[in-house]
Amino acid sequence: QVQLVESGGGLVQAGGSLKLSCAASEYTFSSYAVGWFRQAPGKEREFVTAISWGGGIRSYADSVKGRFTIARDSAKNTVYLQMNSLKPEDTAIYYCAAEHRGSGSKVQEAYDYWGQGTQVTVSS
């Protein structure tokens with residue numbers, strides 16, 4: 001069982017930056033694809049970005065392309081989401097999810113493990 005813990009959320013002004021972390025309890029976390037998803041109030045949870053288990057494939061939602069960057073530090077069993085040029089519409093709870101030896105799917109159902117989420121609020 002892989003346990004995921006997100007951190008780094010908070011309140012930031014529009015145009016600002018935040019860096020989210022997804023830390024895993026599993027020492028072989030590098031063998032998992034990791035996705036970030038978000039859910040805004042009253043909306044469905046949506047894909048944000050993902051990285052394959054080898055780190056060679058990264059994908060982004062069009063809404064965050066050029067502003068968000070996903071990266072992994074295998075030594076720390078952690079995946080990061082660097083968010084720049086934040087907009088009020090980025091306000092949501094952000095979740096990370098993991099899939100063993102996955103390619104970094106945009107589909108939520110592909111992921112086996114989920115964190116509890118971290119709140120990101122962007123003020124205008």
Side-chain angles (χ1 to χ4, degrees):
Q1 186 81 4
V2 178
Q3 294 183 328
L4 304 175
V5 178
E6 302 97 335
S7 62
L11 173 64
V12 64
Q13 288 189 330
S17 299
L18 281 175
K19 186 176 183 178
L20 306 184
S21 299
C22 174
S25 61
E26 176 61 50
Y27 73 96
T28 60
F29 194 44
S30 59
S31 64
Y32 288 78
V34 175
W36 284 95
F37 295 80
R38 66 186 182 186
Q39 187 167 21
K43 293 188 177 181
E44 297 288 321
R45 189 160 57 184
E46 64 177 5
F47 170 78
V48 177
T49 181
I51 188 167
S52 61
W53 72 272
I57 302 173
R58 304 178 191 191
S59 59
Y60 297 90
D62 288 342
S63 58
V64 306
K65 209 170 285 185
R67 299 188 298 123
F68 291 11
T69 302
I70 189 170
R72 67 190 313 154
D73 185 336
S74 298
K76 296 183 177 180
N77 295 330
T78 301
V79 170
Y80 301 101
L81 176 59
Q82 177 67 48
M83 305 187 296
N84 299 328
S85 303
L86 283 162
K87 305 175 181 179
E89 51 262 44
D90 294 318
T91 295
I93 299 174
Y94 283 70
Y95 301 89
C96 67
E99 177 195 11
H100 189 243
R101 293 190 177 272
S103 60
S105 174
K106 298 180 180 181
V107 178
Q108 299 181 46
E109 288 75 12
Y111 294 88
D112 304 307
Y113 305 101
W114 290 81
Q116 294 299 307
T118 185
Q119 177 71 48
V120 171
T121 303
V122 184
S123 63
S124 57

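Small disclaimer: the values here were computed from a predicted structure and weren't measured. When a residue number appears, it is its place in the shown sequence, counting from 1. Excluded from the calculations below are hydrogen atoms, water molecules and symmetry mates; all remaining heavy atoms, backbone and side chain alike, are included.
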Query raised in the report: Counting only N and O atoms by type, is there a donor-acceptor contact under 3.5 Å from the side chain of S59 to the main-chain atoms of T49?
Result: no

Query raised in the report: Got a donor-acceptor contact below 3.5 angstrom from the R72 side chain to the A33 backbone?
Result: no

Query raised in the report: Between the main-chain N or O of T91 and the side-chain N or O of T121, is there a donor-acceptor pair closer than 3.5 Å?
Result: no

Requested in this report: Spell out, as yes or no, whether a donor-acceptor pair under 3.5 Å connects the side chain of E6 to the backbone of L20.
Outcome: no

Requested in this report: Assign the ring pair Y111 / F37 to parallel, tilted or perpendicular, where the plane angle (0 to 90°) is split at 30° and 60°.
Outcome: perpendicular

Query raised in the report: Going hydrophobic residue to hydrophobic residue with side-chain gaps under 4.5 angstrom, can you get from W36 over to F29?
Result: yes

Query raised in the report: Hey, does the Lys NZ or Arg CZ of K65 hover above the aromatic six-ring of Y60, less than 6.0 Å from the centre and inside 45° of the axis?
Result: no

Query raised in the report: Within the distance-only criterion (no hydrogens, no angle test), does the side chain of R58 pair as donor or acceptor with the backbone N or O of I70 below 3.5 angstrom?
Result: yes

Query raised in the report: Distance from F68 atom CZ to L18 atom CG, nearest 0.5 Å?
Result: 9.0 Å

Requested in this report: Please tell me if the side chains of M83 and V120 come closer than 4.5 Å, counting only heavy atoms from C-beta onward.
Outcome: yes

Query raised in the report: Rounded to the nearest 0.5 Å, what separation is found between the CH2 atom of W53 and the OG atom of S74?
Result: 10.5 Å

Query raised in the report: Between E99 and S105, is there a donor-acceptor pair closer than 3.5 Å when you use the side chain of the first and the backbone of the second?
Result: no

